[in-house]
Amino acid sequence: FFFFFQADDSVAVSNVVTDGKPRVSVIFFFFNFATQPTIKLQRDGDKLSLSAKTKRSLNLCMGGDYCNSVHITIYGPALQEIDAQNHQLNYAATGQAELTVKAEDAAVTISSSRTIDLLTATLSGTSRLSAADAAISAVKLTSNAASDSTFATIKSLDATIPSVCASGYV
């Protein structure tokens with residue numbers, strides 16, 4: 001199952017691996033500074049695409065969850081690939097052989113109650129990958145200088161990272 005996610009910065013998405021028929025839960029917090037979201041969810045074979053946008057009438061944020069006026073949770077089978085563009089995605093796995101993550105200006109958090117054998121991740125823009133709460137045997141990471149990643153104990157790491165920082169990053 002493949003998941004493509006694109007949303008603006010006021011949308012938080014979580015994916016929870018469960019048995020049974022896939023389902024989606026959407027919670028919208030109405031604040032004075034947010035408008036009703038536009039959410040498109042499309043399935044094409046093994047690919048699930050999500051597009052979510054909302055518009056803030058004021059550039060006001062209280063911090064934490066208040067900054068995300070739309071929370072979307074997808075329940076379904078384990079994902080083989082995550083393609084995230086813009087903002088945050090939380091993936092709660094139950095262990096699997098392989099997982100591929102492509103993140104562009106996105107924050108992806110992976111947790112797992114059992115081992116993920118191989119995580120292949122490509123980070124671009126100002127992406128952040130956190131797998132501090134996941135047991136991962138091997139990681140293949142390709143990252144630019146502006147992205148960062150965090151892992152718990154891993155057995156094998158194959159990393160390709162530029163040897164110089166991008167302009168403006170130290």
Side-chain angles (χ1 to χ4, degrees), residues 1-16 24 26-29 31 33-44 47-74 79-93 98-112 116 118-134 136 139-152 154 157-170:
F1 207 68
F2 301 95
F3 181 58
F4 174 74
F5 160 62
Q6 185 172 15
D8 66 21
D9 66 355
S10 62
V11 178
V13 177
S14 297
N15 192 99
V16 179
V24 176
V26 178
I27 299 173
F28 171 64
F29 297 100
F31 298 113
F33 55 88
T35 59
Q36 188 169 355
T38 302
I39 299 170
K40 294 180 183 177
L41 191 62
Q42 182 177 348
R43 183 173 178 181
D44 182 14
K47 183 178 180 181
L48 178 66
S49 296
L50 170 70
S51 173
K53 294 182 181 187
T54 188
K55 190 176 196 179
R56 292 185 183 151
S57 56
L58 295 173
N59 195 8
L60 175 64
C61 178
M62 304 294 193
D65 284 342
Y66 295 107
C67 295
N68 300 106
S69 59
V70 181
H71 291 255
I72 301 170
T73 304
I74 300 169
L79 303 175
Q80 281 82 41
E81 184 175 327
I82 297 170
D83 188 345
Q85 295 179 4
N86 300 323
H87 222 51
Q88 73 183 55
L89 171 70
N90 299 313
Y91 177 59
E98 294 184 19
L99 175 63
T100 299
V101 174
K102 296 175 187 173
E104 181 180 339
D105 295 319
V108 177
T109 301
I110 300 169
S111 61
S112 182
I116 297 172
L118 174 62
L119 171 65
T120 302
T122 304
L123 308 179
S124 62
T126 55
S127 293
R128 185 174 62 242
L129 173 64
S130 174
D133 293 325
I136 302 172
V139 175
K140 290 184 181 178
L141 174 67
T142 302
S143 179
N144 65 4
S147 296
D148 66 70
S149 50
T150 305
F151 301 99
I154 55 177
L157 173 64
D158 179 3
T160 303
I161 302 170
S163 60
V164 296
C165 290
S167 177
Y169 295 93
V170 179

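This is a predicted model, so every value here is computed, not measured.
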Any side-chain heavy-atom pair of [X] and [Y] under 4.5 Å:
X: I82; Y: N15; value: no
X: L129; Y: L119; value: yes
X: Y91; Y: V101; value: no

Of all residues at least two apart in sequence or in a different chain, which pass the side-chain contact (heavy atoms from CB on, under 4.5 Å) check with [X]?
X: T73; answer: S14, V16, S25, Y75
X: E98; answer: L118
X: T109; answer: N90, S130
X: S143; answer: L123, L141, S147, I161

Crowding at CG, D44 (>12 non-hydrogen neighbours, <6.0 Å)
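At most 12 heavy atoms, drawn from other residues, nucleotides or ligands, come within 6.0 Å of this atom.
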Return the CD1 to CD1 distance between I154 and I136, rounded to the nearest 0.5 Å.
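The CD1 atom of I154 sits 7.5 Å away from the CD1 atom of I136.
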Atom pair OG1 (T160) and NZ (K140), whose distance is rounded to the nearest 0.5 Å:
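T160 atom OG1 to K140 atom NZ measures 10.5 Å (nearest 0.5 Å).
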Quick one: closest heavy-atom pair of A84 and A106, and the distance?
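Closest approach of A84 to A106, heavy atoms only: O-CB, 3.7 Å.
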Over all heavy atoms of both residues, which pair between R128 and D148 is shortest? Give the atoms and the distance, please.
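Result for this residue pair: CG-OD1, 3.1 Å.
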Backbone of G125 reached by a side-chain donor or acceptor of N144 within 3.5 Å
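Pair found, side chain donor or acceptor close to backbone of G125.
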The criterion is side chain to side chain donor-acceptor pair (under 3.5 Å); which residues satisfy it with S127, sequence neighbours excluded?
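Testing S127 for side chain to side chain donor-acceptor pair (under 3.5 Å), a comparison that skips the adjacent residues, returns none.
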